[in-house]
Every structure is written in structure tokens, then in C-alpha cells.
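Have a look at the structure below, then the notes.
Whatever order the structure lists ligands and atoms in, that order sets their numbers, starting from 1.
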Amino acid sequence: MKNILVTGACGQIGSELSLVLRKRYGSDNVIAAGHITKPSDDLYNSGPFVFLDCTKIETISDVVSKYKIDSIYHLAALLSAVAESKPQQAWDVNMNGLYNILEVSREYKCAVFVPSSIGAFGTNTPQDNTPQDTIQRPNTMYGVTKVAGELLCDYYFKRFDVDTRGVRFPGIISNVTLPGGGTTDYAVEIYYEAIKQRKYTCFLKSGTFLDMMYMPDTIKAAIDIMEANPDVLIHRNAFNVSAMSFAPEDIAAEIKKHIPDFVMDYNIDPVRQAIAESWPNKMDDSSAMIEWGWKPEYDLSSMTKDMLEKLCNKLQINI
Ligand code: AKB
């Protein structure tokens, strides 16, 4: 039986992944851990919840030993834009937090999922069909922690036999929990504003292509890679995964098909624009497809239909 710890369980991915893992492996076997953000009622009431600060190693080992944890989804991290405004804290949480998780996993023999990101690439990475193995010289603190994290996870696998696995997530779009301070957040905000105001001011320029993914595919990627047969994995930390690539005007045009009077204008945030320009336009995720069967279900059109339906229900607004 699996006993799973999810760090960052109150965040955008963790809040939904924890609930799916509880359905799959049993509510009592999935320990959701948060630090600063309050858990939703669903998360708090559906299984064990603990407060855990990943920068304090003893708080991790206490939970891992108490609940006999054998697998960790380590999602606690600062996202790109926040990391750029607080680089020292980003290093502490993203790197020291990961180091502590890996050390505890070495001692207690846990398997570990660690998400990397399109942020692990930089301006001199090929931007179209970005290969699985390529130049990684990011110029943001977020990117530095993501590349270093990938290397550290591979090191723990090779040196200490810790079963580390990861994917390079693109921008994640969901209708449940908002992302907290990323460069791709516009692709979530736009749906809320389209429904509430019928207009949206985008902080990235038109023509800024980025990889994106809907939450159900994100959860599938995280679970599928952890359930993959280790013998077939050539890569580990971390696989390119994507579901679609679009620029702001593409998502606006798709929303307009459902809300014809929706309009978008632009007010560019230079920090997030520079970050976005240093990231791929579109990654090649064929290694994930070949090695562990990665196959996304949602594209821009099916995601937009589902997002608008779910958000209209949640916000009680008819479009
Ligand atoms: C961000 O924008 O920082 C994240 C990411 C792509 O890693 N969504």
C-alpha cells in the first residue's frame, strides 16, 4: 500500500492532485501538507492535513516517519514572477526545501515526484520544438532553482538510488485554485475576467507563444510518471510535457467564440514579458510519449469550453 505525502498541497496543483490521489489510494493514505495558505474545506475534510515547513528538515522527517510515507509529491515552491521579486527566499524554499525532501527520502526510502518547468530553459535554448536534452542556461532565479533541482534529483537517483521522477510543466490552467505569481497566470485570469467583465488586460505581448496544459492532464502526468515501470525510463528529471502552445491572441479568439463581445487589450509587464521570452514557444515532448505513454486529452478548444462551463457554475454567472 502507498502512503503519500503531498507538499504544497494548498497550491494550484496540490489542491486538486491531493483529492485525486485520495480517491485513487484511499483518503487516509494521502497526507496533504501546507505551510502558509489555508487549506480548502474539501482538502481539510477529506483526509489528514499537516502544517509543514520544507525548509526545516526535522518537520519533514517527523511527518514521514509518523505516517510511514513511501512516496512524496514535492510541490512546495515559489513560482517565476514571485521568485524574481524575492530571489533569496526562492533559493531557500526551492533549493533547500528540495534538498531536505531528498535527504529524508534517502533515509526513509521514499520515491519522489518533483515538478520542473519550462522555466528550466533560457534564451539560448532552441525555442521551437525544444528538445528533451538541450542547452539549459536560464537567467531567472526560478529557472536556476529548476535546473539545479533537476540535477540534484538525478544525482540522488544515481548516487543513493532514490526513485526521483519529474516533468517540466508548462503553464497550468485550472478552475479551482488560482496560481500564485507565475508568468503564465494570464491564461487563467483571462477566463475569470472574460466571464465577470467581458474584457481582459493582458500583461504579455501578442505573439508570445508558451506551452500550456489543462489541470486534468497535469494530474494525469504526475500520476502516470510515478506509476511508470522504472525499467523503461531512460530520462528521469525531468521530462518535457505539453498539451498545447498558444499566444494571448489565440486564447482570446477561442473565448470570443463563446462570449462574442469579449475584448482584450494589453498592458505589458516588462519583468514577466522578459521571463516569457526566455522560455520555449513549444517543447518536443516525444520522450515522455515514448518512455511512459504521455498523451494529453485537452487542447485549447476543449479546455476553453470546459473552463467556461465550470467557472460559470462556480461564479453563478450566465454568459
Ligand atoms: C510560472 O509561470 O512560473 C509557472 C511555470 C511555467 O513554471 N506556471
Using a strict cut-off of 4.0 Å, indicate which atoms of ligand 1 neighbour a heavy atom of [X].
X: W279; answer: 1 (C), 2 (O), 3 (O), 6 (C)
X: S80; answer: 1 (C), 2 (O), 3 (O)
X: S117; answer: 5 (C), 6 (C), 7 (O)

Check the surroundings of atom OH in Y99: do more than 12 heavy atoms from other residues, nucleotides or ligands lie under 6.0 Å from it? no
Once the angle between the rings of [X] and [Y] is folded into 0 to 90°, is it parallel (under 30°), tilted (30 to 60°) or perpendicular (over 60°)?
X: W292; Y: F239; result: perpendicular
X: Y298; Y: Y214; result: perpendicular
X: Y44; Y: F49; result: tilted

Shortest heavy-atom approach to atom 2 (O) of ligand 1 - which of I118, T183, D185: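 Minimum heavy-atom distance to atom 2 (O) of ligand 1 goes to T183.
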Side chain proximity check, V50 to Y67, heavy atoms < 4.5 angstrom: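 Yes, at least one pair of side-chain atoms sits under 4.5 Å.
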Atom 8 (N) of ligand 1 has as its nearest protein heavy atom T184 OG1, 2.9 Å
